[in-house]
Novice: 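Below you'll find the structure I mean.
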Number of protein chains: 2
Amino acid sequence: MASTSIESFYSEDIDSTKDLPQKQKQVLKACLELFASKGFEATTTADIAKKAGVSQGTVYKRFNTKEQLLQAVVQPLFSKTIPRAAKEFSYDINHFQYDNLAEFLKPTLRNRLTFATENKQIIKILFMQAISDPQLLAELVKSVKSVLTNTIPKVIDKLKEEHLLVDWDTARIMEYVLSIGAGYGAQIVLFDRKLDLDTVIDQAVEFLVKGLSPEK
Amino acid sequence: MASTSIESFYSEDIDSTKDLPQKQKQVLKACLELFASKGFEATTTADIAKKAGVSQGTVYKRFNTKEQLLQAVVQPLFSKTIPRAAKEFSYDINHFQYDNLAEFLKPTLRNRLTFATENKQIIKILFMQAISDPQLLAELVKSVKSVLTNTIPKVIDKLKEEHLLVDWDTARIMEYVLSIGAGYGAQIVLFDRKLDLDTVIDQAVEFLVKGLSPEK
DNA sequence: CATAAGTGAGTTAGTACTCACTCACAAGGG
DNA sequence: CCCTTGTGAGTGAGTACTAACTCACTTATG
């Protein structure tokens, strides 16, 4: 449950790639920061060159179009950074101790909403970009797929077996929990609302437990 | 529960405004269509002129910048069209017959998800524009405020009085129902998913009723 | 010294915006 | 009933600017 800054993870991932000159790495990092704060369209190649401390020609040395540059920025993000964050989340989940639904949901929700708060900008821009670019969306989904198809379902199935959870489709249960979580996530990320996480989570979990407990 | 196309409502609203020459009206209508299909930034003034069947000069005769043009397009949308759609929704809600929570939620959810399906594009563009433009967001909220502060709370309070609904804060209950609804709305509007509304609504209502029924 | 990395002053394309002009029509004076 | 004048709508070629992209050249490096 350590705090996870996508940006610094990304920086590490870029630094660890071989076959890329220092200045090109600076370009990629500058892009991530600029895209996150201003969005892709609103960022000019001149902005990028300035922020990276290189000339415009350098920006175009490796990456021939702005579009290719976006691909180059996003590729390690999806292939390394996000999977790493997802893995960390999976690890956290697998190490929570819980004997009932509430004890599982509370730290999980807190974990994700904290993550959302700490990475607002990047999540927002990634989300908006993905909405208008189906290919990007597909890659984004792919990069968190394992969490959605393994980690979470495993917990749900376990809770179902122990009769701590209603016996509905796993996907269906996940949908409801995700909707409630995404509702708060959207308030934080998209609308910049400051939430009192403690209250909000306690109440949301109370509702979810009520709605998802098996009939006695 | 009649189908409500924002675009045709808007067209009527524009036609009924005085003090605006025919060609200027065409410009506004063309803008709504183009903004909805391509987005604001991606739409050029040349596109607008062509679609409206006027010259570029005409586009700028009344509206001095593209930004002002957006304002001019959006203003009647917020002051007339959306309030009209909201009123129709309020009317529908007040005329549903229901003796329990499920009977209220089902037609309401169906009504909104149908509306979302029929107005995908406009909702998507309005949503994305509102996310990156706080002033627009404020106006959007204002235009549906009455529904959020009167129509829905009235129903919730009534259900609470009749002990058909758990005795939580009205705002809190609304949040959960909206989250679940918005979850499906997002799938339809943002990710173009085709949902089997019947199944999805029946199941969601089953969950909501379970989670929101008062303790016996 | 050959190859890769880097430079920055261009070029080019596209887009928001302007302006000198035409046209249709209405009001008013002879 | 014409003619003049005024006005607001409309035009489209043109301008100013911006932003992506190029290239002849310089500098560093194995």
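Proteins come first, then strands; the chains are lettered A, B, ... in the order of their sequence lines, and each starts at number 1. Since the model is a prediction, treat every value here as computed from it, not as a measurement.
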Novice: Can you pull out every side-chain hydrogen bond (donor to acceptor under 3.5 Å, both in side chains) where at least one residue sits in residues 12-24 of chain A? Sequence neighbours excluded, please.
Specialist: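 For residues 12-24 of chain A: A/Glu12-A/Arg84, A/Asp13-A/Thr81, A/Asp13-A/Arg84, A/Asp15-A/Lys29.
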Novice: Do B/Val27 and B/Val73 touch side chain to side chain, with heavy atoms closer than 4.5 Å?
Specialist: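 In short, these two side chains do not touch, never coming nearer than 4.5 Å.
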Novice: Side-chain N or O of B/Gln56 versus OP1/OP2 of C/dT18: is the shortest distance under 4.0 Å?
Specialist: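 No, no such contact exists.
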Novice: Can you confirm whether A/Tyr91 is buried at OH, in the sense that more than 12 heavy atoms of other residues, nucleotides or ligands lie under 6.0 Å from that atom?
Specialist: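 No, not enclosed.
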Novice: Dump the intermediate steps for side chain to side chain contact (heavy atoms under 4.5 Å, CB included) on A/Leu212 and A/Trp168, then the final yes or no.
Specialist: CA-CA 9 Å; A/Leu212 295 175; A/Trp168 292 339; 3.9 Å; yes
Novice: Quickly work out the B/Asn64 CG to C/dC19 P distance and round it to whole Å.
Specialist: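 Those two atoms, CG and P, are 12 Å apart.
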Novice: When you measure from the side-chain N and O atoms of A/Tyr60 to the phosphate of D/dC21, is any distance below 4.0 Å, counting only OP1 and OP2?
Specialist: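 Indeed, a polar side-chain atom of A/Tyr60 lies that close.
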Novice: Looking at residues at least two apart in the chain, or sitting in another chain, which of them share a side-chain hydrogen bond (donor to acceptor under 3.5 Å, both in side chains) with A/Asp192?
Specialist: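 Partners of A/Asp192 under the side-chain hydrogen bond (donor to acceptor under 3.5 Å, both in side chains) test: A/Lys120.
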Novice: With a 6.0 Å cut-off on ring centres, are B/Tyr176 and A/Tyr176 close enough?
Specialist: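 That pair fails the under 6.0 Å test.
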Novice: Any ring-ring contact (aromatic ring centres under 6.0 Å, His included) pairs touching residues 124-153 of chain A, not counting sequence neighbours?
Specialist: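 Every pair satisfying ring-ring contact (aromatic ring centres under 6.0 Å, His included) with a residue in residues 124-153 of chain A: there are none.
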Novice: Just checking, any donor-acceptor pair under 3.5 angstrom between side chains of B/Ser55 and B/Thr58?
Specialist: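 Yes, a side-chain donor-acceptor pair sits under 3.5 Å.
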Novice: Separation of A/Glu67 atom CD from D/dA20 atom P, in whole Å?
Specialist: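 Roughly 12 Å, once rounded to whole Å.
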Novice: Which heavy atom of A/Glu175 sits nearest a heavy atom of B/Gln187, and at what distance?
Specialist: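 Closest heavy-atom pair between A/Glu175 and B/Gln187: OE2-NE2, 3.8 Å.
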Novice: For DNA chain D, what residues of residues 25-55 of chain A have any heavy atom nearer than 4.0 Å?
Specialist: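 Nucleic-acid contacts, sorted: A/Thr43, A/Thr44, A/Thr45.
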Novice: Check every atom of C/dG6, D/dG10, D/dC21 against the side chain of B/Gln24 and return the nucleotide holding the closest atom.
Specialist: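 The answer is D/dG10, which lies nearest to the side chain.
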Novice: Between A/Leu69 (CG) and D/dA19 (P), how many Å, whole number?
Specialist: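 Computing the A/Leu69:CG to D/dA19:P distance gives 16 Å.
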Novice: Mark up nucleotides 25-30 of chain D, 5' to 3', with B wherever a protein heavy atom is under 4.0 angstrom from a base atom, S wherever such an atom reaches only the sugar-phosphate, and - elsewhere.
Specialist: ------
Novice: Given atom CZ of B/Arg62 and atom P of D/dT11, what is their separation to the nearest angstrom?
Specialist: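 Distance, rounded to whole Å: 14 Å.
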Novice: Picking from C/dC17, D/dA20, D/dG10, which would you name as closest to the side chain of B/Lys66?
Specialist: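 Closest nucleotide to the B/Lys66 side chain: C/dC17.
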Novice: Of all heavy-atom pairs between B/Tyr10 and B/Ala72, which one has the smallest distance, and what is that distance?
Specialist: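 In this case the closest contact between B/Tyr10 and B/Ala72 is OH-O, 4.2 Å.
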Novice: Looking at B/Lys154, I want to see if its NZ is surrounded by more than 12 non-hydrogen atoms of other residues, nucleotides or ligands under 6.0 Å.
Specialist: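 Result for NZ/B/Lys154: open.
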Novice: OP1 or OP2 of C/dG6 versus the side-chain N and O atoms of A/Lys23: is any pair under 4.0 Å?
Specialist: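 For C/dG6, neither OP1 nor OP2 has a side-chain N or O of A/Lys23 closer than 4.0 Å.
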Novice: Between the two end axes of the helix from C/dC1-D/dG30 to C/dG30-D/dC1, each built from 5 base pairs, what angle do you get to the nearest 10°?
Specialist: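 It comes to 10° between the two terminal axes.
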